[in-house]
Amino acid sequence: MKLLPLLFALLLCGLPLTARELKVLMIGNSFSRPVVHNLPPLAAAGGHQLLITNAYIPGCSLKTHWQNLEKADRDPSFRPYQVTTRRTGDPQTSKPVPDHLPHLLKQESWDLVTIQQASHESWDYAKFQPWADRLIERIRRDVPGAGIMIQQTWSYRADDRRILPGGVWGFDQNGMYDRLAAAYDRLAAAHQLRQIPVGRAVQYFRQQTPVKFTPLPPEQLARLTPPELPPNQQGDVVGNTTWSRPRSESGKPELRSDTIHLNPAGEYLQACVWYAVLFEADPETISYTPPRLAPGLAARLRHCAKLAVTAQPTPDVP
């Protein structure tokens, strides 16, 4: 890695950073998508220069990333990724453009390339391999000067049907986290890679928040009418429950729950963890807070990010 050691050394010595830009490519999916929107404002507020690009396919696993790369090697017209980019100072993220990994890996002199597993396979290390090994080998071949990091993803909200009692996976929210953390740790150890521990930060928030998320029984959910929402949604940084627009068949809105993606508070937490790892900075010194995020909540999120990156033991969620 060309730039990161220099950044780390300057930060540790207390010296000001130069204006040189840190260039990051994320080989990801919907769990990396918020980073390209939310990290640049934090970097700018901290005096850093950042170019960050996300190669995005919803739900894309390490296996599919590798298969897409091989197919693009044979057929350069195959461009399955939607690619977005943002720099510090840009008012918004670029519009998505189609591309493929062989081109993206050589498009810039990347300082850092990040990978992650699809969340629904993150808890099973057997589904990481041999695809992760092959992808890491290819990144090192095509971008020999870049570092590689792994984004640790997170366990789902407690009301996701797969982790409910009797769910198809056979374990709960803590069980999902324990398994995915072990899988990411194993991959990181095998290749001597650092992690961006977003999943660990999510667990800290769940453990420390004074308002816990409590799912409503189905019969109580059925009695809600717009614009009523289930209480205590703020007890988790994962998940959103919203009313849809009226559907043409019924003429009535529907209550829909996303139990896997970060909500706005979670996206800020994710950006704080990324900022702390990429710039070797104390996340509690972050000065940027999104306009709609309460200052007290933002401070708690920054604290959870600090606990995660300083490798404190991860608590179980009550």
Side-chain angles (χ1 to χ4, degrees), residues 1-14 17 20-29 31-54 86-88 110-117 122 132 136 139 143 145-154 177 180-181 183-189 191-205 237 262 266-288 298 301-314:
M1 192 186 305
K2 300 186 293 294
L3 181 57
L4 284 176
L6 173 61
L7 288 170
F8 295 168
L10 290 174
L11 284 162
L12 291 172
C13 294
L17 293 170
R20 189 177 178 188
E21 196 168 52
L22 177 62
K23 297 180 179 181
V24 180
L25 171 65
M26 298 182 290
I27 300 175
N29 48 44
F31 278 31
S32 60
R33 191 177 184 186
V35 181
V36 76
H37 306 298
N38 298 313
L39 183 58
L42 272 66
H48 307 296
Q49 297 293 315
L50 175 70
L51 165 69
I52 189 163
T53 292
N54 185 41
R86 190 174 181 184
R87 298 175 188 266
T88 48
W110 302 110
D111 299 295
L112 177 65
V113 179
T114 69
I115 62 172
Q116 63 195 46
Q117 178 61 295
S122 62
I136 290 167
I139 295 168
V143 200
I148 303 172
M149 287 189 187
I150 304 166
Q151 175 176 221
Q152 181 202 58
T153 54
W154 48 89
Y177 174 75
L180 71 85
Y184 282 116
D185 286 348
R186 184 173 173 181
L187 180 63
H191 293 276
Q192 297 297 298
L193 302 178
R194 293 187 68 193
Q195 293 187 62
I196 304 169
V198 181
R200 185 187 301 155
V202 168
Q203 289 295 101
Y204 272 115
F205 180 86
V237 290
L262 298 171
E267 291 179 358
Y268 180 69
L269 174 63
Q270 179 185 40
C272 290
V273 175
W274 275 71
Y275 178 89
V277 174
L278 265 60
F279 296 108
E280 285 285 299
D282 181 346
E284 292 194 301
T285 66
I286 291 171
S287 60
Y288 175 81
L301 294 165
R302 291 191 291 267
H303 179 64
C304 291
K306 182 171 183 175
L307 292 174
V309 300
T310 53
Q312 301 297 319
T314 311

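Atoms considered below: every heavy atom in the structure, side chains included; atoms not considered: hydrogens, waters and symmetry mates.
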Roughly how far, to the nearest 0.5 Å, is OG1 of Thr114 from CZ of Arg194? 13.5 Å
Under 4.5 Å between any side-chain heavy atoms of Leu39 and Val24, yes or no? no
Decide yes or no for Met149 and Gln195: does some side-chain heavy atom of the first lie under 4.5 Å from some side-chain heavy atom of the second? no
Is it true that a side-chain atom of Arg200 and a backbone atom of Ala308 form a donor plus acceptor pair closer than 3.5 Å? yes
To the closest 0.5 Å, what do you measure between NE2 (His37) and CZ (Arg86)? 8.5 Å
Taking C-beta and beyond as the side chain, do Val36 and Thr53 meet within less than 4.5 Å on heavy atoms? no
Contact check, side chains of Gln117 and Thr153, non-hydrogen atoms, under 4.5 Å: no
Val35 and Pro40: which non-hydrogen atoms are nearest, and at how many Å? O-CD, 3.7 Å
Distance col, row Met26:CE vs Asn54:CG, nearest 0.5 angstrom, shows 4.0 Å
Would you check if the side chain of Gln152 reaches a backbone N or O of Gly199 as a donor-acceptor pair within less than 3.5 Å? yes
Under 4.5 Å between any side-chain heavy atoms of Phe279 and Leu22, yes or no? yes
Do Tyr268 and Leu42 have side-chain heavy atoms sitting under 4.5 Å apart? yes
For residues Ala305 and Cys272, report the shortest heavy-atom separation together with the two atoms involved. CB-CB, 3.9 Å
Of all the heavy-atom pairs spanning Ala44 and Thr88, show the shortest one and how long it is. N-CG2, 3.8 Å
Donor-acceptor pair between Gln151 and Gln270 side chains, under 3.5 angstrom: yes
Do Ile136 and Leu193 have side-chain heavy atoms sitting under 4.5 Å apart? yes
Restricting to side-chain contact (heavy atoms from CB on, under 4.5 Å), what partner residues turn up for Ala45, sequence neighbours left out? Ser287, Tyr288
Salt bridge (charged side-chain N to carboxylate O under 4.0 Å, His left out) partners of Asp185, counting only residues at least two apart: none
Please report the shortest heavy-atom distance between Val273 and Ala201, naming the atom on each side. CG2-CB, 3.7 Å
In Å and rounded to the nearest 0.5 Å, what is the CD1 to OG distance from Ile52 to Ser32? 8.5 Å
State whether the side chain of Arg87 and the backbone N or O of Leu50 hold a donor-acceptor pair below 3.5 Å, judged by distance alone. no
Exercise: identify the closest heavy-atom pair between Gln116 and Asn29: NE2-OD1, 2.6 Å
Starting from the C-alpha separation in whole Å, work towards a yes-or-no answer on side chain to side chain contact (heavy atoms under 4.5 Å, CB included) for Val113 and Ile27. CA-CA 7 Å; Val113 179; Ile27 300 175; 3.8 Å; yes
Can you list everything that forms a ring pair (Phe, Tyr, Trp, His ring centres under 6.0 Å) with Phe31? Sequence neighbours excluded, please. Trp154, His261
Start with the C-alpha distance between Ile139 and Trp110, add both sets of side-chain angles, then the distance that settles side chain to side chain contact (heavy atoms under 4.5 Å, CB included), and finish with yes or no. CA-CA 10 Å; Ile139 295 168; Trp110 302 110; over 6 Å; no
Can you tell me if CZ on Arg302 sees more than 12 non-hydrogen neighbours from other groups inside 6.0 Å? yes
Counting distance only, does the side-chain N/O of Asp111 pair as donor-acceptor with the main-chain N or O of Ala146 below 3.5 Å? no
I'd like to check Ile148 versus Val143 (side-chain heavy atoms, cut-off strictly below 4.5 Å). Are they in contact? no
Under 3.5 Å side-chain donor-acceptor pair for His48 and Tyr275: yes
